[in-house]
Structure formats: structure tokens, C-alpha cells
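Worth knowing before you read on, the calculation uses all heavy atoms, side chains too, and leaves out hydrogens, waters and symmetry mates. Order of the sequence lines sets the chain letters (A, B, ...), proteins ahead of strands, with each chain counted from 1.
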Amino acid sequence: MTTTSDFPLFEIFIRSNRGLDHKHVGSLHAKDYEQALEYARDCYTRRSEGVSIWVVKSSDIVASQEEDAVSFYDPMDDKPYRHASYYKLPEAVNNM
Amino acid sequence: MADYRMNEAELEKVFQDRIDDEQKIEPKDWMPDTYRKNLIRQMSQHAHSEVIGMQPEGNWITRAPSLRRKMILLAKVQDEAGHGLYIYSAAETLGISREEMVQALHDGKAKYASIFNYPSLTWADVGAIGWLVDGAAIVNQITLQRTSYGPYARAMVRVCKEESFHQRQGYESLLVLASGSKEQQQMAQDALNRWWWPSLMMFGPHDAESAHSAQSMKWKIKRKSNDELRQAFVDQTVPQAQYLGLTIPDPKLKWNEERGHYDFGEIDWDEFYRVINGNGLCNRQRIVHHRRAHDNGAWVREAVEAYDEKQKARKQQAA
């Protein structure tokens, strides 16, 4: 018997308003992209939450793992000079 | 779906209404061809500026006076490469490829901020570039966070957030020179003398002479005019120069109580057009270097391709 979990999983991203980024809101199973888009509309925008939907096959998403964070991000941790607050300027000119 | 039945004039009205209503235009929206072209021109020019702008500063990385200054300068130049990437990618959503944009730069068809055609002669220039050139860029980019094209506006939010360290490190390094020996003070003053006017030129021709300004304002690609932005930059920079004890090389610079702004002298427009049309001190060098860097990097691109093919073959074998 075919079950919907045999359908591929899609990740759903919604733009709540023009000018804003699409944000991940959840996922769902669908047979193809078009169906995923319609299900996403029915499921995630019932209260006009969005003006645009992106659907992406979950299997197409490549993600870094939090457990790898130490080695993955380590080089960034010892570079405080990348931050504006690292530069102490006198009060009179501190508004830049 | 109704949109598809509209004729061009109706589509254009929907488009302009959207802009008048302060809504953003997003990549898949209908837009007039001229809007698209105008944006591609401005955004590719902006991205090229970020990338070409790495050269005058990169010139000093190996000669920075301390390890601290070297790390800061490296981080800043690295940021500029990143900013180029954000803007190129945002421009690609308009249907132009990175290769086409870079080709237009190499062919001299696309411009970049003409200030990067001036040489960085001393260490003080690195400070002056951060303070003045990044300072001027920030004034412009802050308003571009509200530009009408969504991907461009969002790229600008990111750029502005990262950019404030650029200006502060430049000013901080000049502060050291300005409170140093007589020679160091003179070096800081000399840098200001050479970078002041080109910084004012960064905002482009006067509003009345600016070829693309009026249409860009109507489309809200630009949010403030060249002259407004230039005035804002002068007003914010004069007190910063005073604090450094440096003199801005403009005898006409004077606070105007009535206007509530600084008055300042006229830009040498002959110089402006000379440099923009390819005859500044470093124009040829900048493009030759960019081409060379691009060509010298060919083996990296080829290696990526080769690695990809190898990986694919390996996966196929395993399957």
C-alpha cells in the first residue's frame, strides 16, 4: 500500500512580506514540487502568513552539523577585530 | 495569475504603484526592461567597486606596521571580497551571469568607483581610505538598504552591518598617526589632502548633470540624490577631521548657520571625468591586475571541476 511517507519530504520557506527573507516554517510530504507548493499553501498560509513560498526537497539540503561547530567555526573565534566594537574611539567621534 | 493577461502599460502601473507604496520588487516579479538594465548597471558597478577596491589596500598588507594592523587589514580586504560576492549574487537574480559582468569590467564597458584609480602611497592612505572612502560608501549604502529591489536591499543590510568596523579601524589608525611625531602628523595630513576630493567625487555628478539619477529616484533604486549624500558626508566628516587636528584641503569649507550645513568648494569636474573615462593614475593597472588575478586563478577553477568529476566517478563505481 502506498503511504504518503513514501512521498518525498519537502522543506517549506515563506516570505511573510515583500522585502523580507524567506524563513523556514516546516516540512511536508508531497509527490512533486507543484503539489508541495499547494500543500504548503493549504498548510502554512491559512492565515495569510505569506506572499511567497519556496519548496525545496529535503534531500537537496546539505547542512553543517552542530557537533562539528568547534572545528568548523573555530577560526572565527579569535578575530575580535572583525567587530566594530573592538575599536575604542573617543566619545566626540564615537558615532561612526 | 491574472497578471499574465495584463498588457505592458498595466503591468508597468502595477509595478510603479508597488514602488510608490514602498513595497520591494522581488526577482520573479514583472519589471520594466529598463529597470532591470538600470539595476544591473548600478549593482555590477557596485560589486566591481568592492572587488577593485581591494587593490589599493591590498598593496599595504605585507607592509602594515604591526601584526595587529596586518590582521585588521587582511580582515577588511577579505570583507570587501565578501561584499562583492553578495552584490554579484544579488545581481545574478536579474538574469545576468557573473561571467558577463566580469567580462564587461575587463572590456571597460562596466565602471567601478573611480576613487580606486588613485594610488595608495603611504601607510596613512590605508587609514584615510577606511575613514573617508568607506565613510562615503556607508553614507550611500545606508540609504540603499531601502532601495526598491529586494535582493539588493537585503545585501546592503548585511554590508552595512559589516562595514562599520572598516571606517572605525581607519579612523583609529589615523588617530595614532595624528597624535604621533611631526612626520606622522604630516603623513596623515598628506593622505587627507590626496583623498578628500576623490572622496567627494564618489557621490557622482551634481544632480542636474547625473545621467541616471531622475529615473533611478522615481524607481527608488536611489533613495537620496548625489548632492544630498555628498552634503551628509561633508557634514559628518568635518568634525572628525577637526578632532584629528587635520585640515581639510578646501579654503571654501565653512559652516553655514542658515542652511545648517557646511558650505564647500567646487569639485574639479575635469579631473572627475578624466579619471572616470580611463585616464586616472591607476586605471590600467587596476584592470590589468584584475585580469591577471582572474587568469592566474584558472587552475583553481579547473581543479574544482576535476575534483567534482573524480567524486562523481567514484560514487558511480561504488553504486
Side-chain angles (χ1 to χ4, degrees), chain A residues 10-25 32-42 44-45 48-57 59-64 72-96, chain B residues 18-19 21-29 67-76 78-79 82 130-132 134-135 138-139 145-155 157-158 160-175 179 236-244:
Chain A
F10 289 84
E11 301 299 324
I12 312 302
F13 299 81
I14 297 208
R15 188 204 296 289
S16 59
N17 228 322
R18 282 176 170 277
L20 300 179
D21 296 306
H22 284 78
K23 274 217 167 62
H24 185 246
V25 293
D32 57 27
Y33 287 112
E34 205 181 332
Q35 201 175 64
L37 204 56
E38 288 170 358
Y39 286 172
R41 173 200 60 195
D42 296 345
Y44 288 109
T45 64
S48 308
E49 285 92 341
V51 295
S52 164
I53 303 173
W54 282 351
V55 297
V56 181
K57 268 199 184 130
S59 58
D60 284 340
I61 289 182
V62 179
S64 69
F72 202 60
Y73 297 110
D74 176 57
M76 273 61 107
D77 290 339
D78 60 353
K79 295 179 175 58
Y81 47 84
R82 281 178 175 164
H83 297 274
S85 54
Y86 175 77
Y87 304 89
K88 303 282 174 251
L89 297 184
E91 206 41 60
V93 289
N94 200 25
N95 59 350
M96 72 178 74
Chain B
R18 203 166 256 166
I19 285 175
D21 191 35
E22 287 297 324
Q23 294 188 40
K24 299 290 179 225
I25 304 302
E26 295 293 349
K28 303 211 166 190
D29 292 339
L67 184 58
R68 176 175 179 271
R69 291 289 170 198
K70 186 181 287 207
M71 292 193 301
I72 291 170
L73 187 54
L74 260 175
K76 178 182 188 297
Q78 188 185 23
D79 269 4
W131 171 38
L132 299 172
D134 287 84
I138 291 169
V139 166
Q145 292 179 109
R146 291 166 45 242
T147 191
S148 60
Y149 189 55
Y152 193 21
R154 291 190 288 275
V157 171
R158 217 181 168 84
C160 283
K161 208 172 124 204
E162 297 179 356
E163 194 102 52
S164 80
F165 116 63
H166 296 181
Q167 195 189 15
R168 288 173 72 92
Q169 65 81 30
Y171 192 84
E172 190 211 47
S173 108
L174 283 182
L175 202 53
S179 49
Q236 81 174 33
T237 309
V238 173
Q240 294 164 354
Q242 285 166 346
Y243 190 88
L244 290 170

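- By the 6.0 Å contact criterion, NZ on Lys161(B) is open, its count of non-hydrogen atoms from other residues, nucleotides or ligands being 12 or less.
- Atom CD in Gln23(B) sits 7.5 Å away from atom CG in Asn17(A) (nearest 0.5 Å).
- Ranked by heavy-atom pairs under 4.5 Å with chain A, the list Leu244(B), Ile72(B), Ile138(B) is led by Ile72(B).
- In this structure, the side chains of Asp29(B) and Arg18(A) come closer than 4.5 Å at one or more pairs of heavy atoms.
- With rounding to the nearest 0.5 Å, the separation of CZ in Arg68(B) from OH in Tyr86(A) is 4.0 Å.
- Contact annotation for Gln78(B): only side-chain heavy atoms (C-beta onward) come within less than 4.5 Å of a heavy atom of chain A.
- Interface residue Asn94(A): backbone and side-chain heavy atoms are both found under 4.5 Å from chain B.
- Only the side chain of Leu175(B) comes within contact range of chain A, with heavy atoms under 4.5 Å apart.
- Atom CE in Met96(A) sits 11.5 Å away from atom CG in Asp134(B) (nearest 0.5 Å).
- Rounded to the nearest 0.5 angstrom, Met71(B) CE and Arg82(A) CZ are separated by 11.0 Å.
- Of the listed residues (Arg154(B), Gln240(B), Gln167(B)), the greatest number of heavy-atom pairs within a distance under 4.5 Å of chain A belongs to Arg154(B).
- Among Glu163(B), Gln236(B), Gln169(B), the residue making the largest number of heavy-atom pairs under 4.5 Å with chain A is Gln169(B).
- Proximity of Tyr81(A) to Phe165(B): side-chain heavy atoms (C-beta onward) are nowhere separated by under 4.5 Å.
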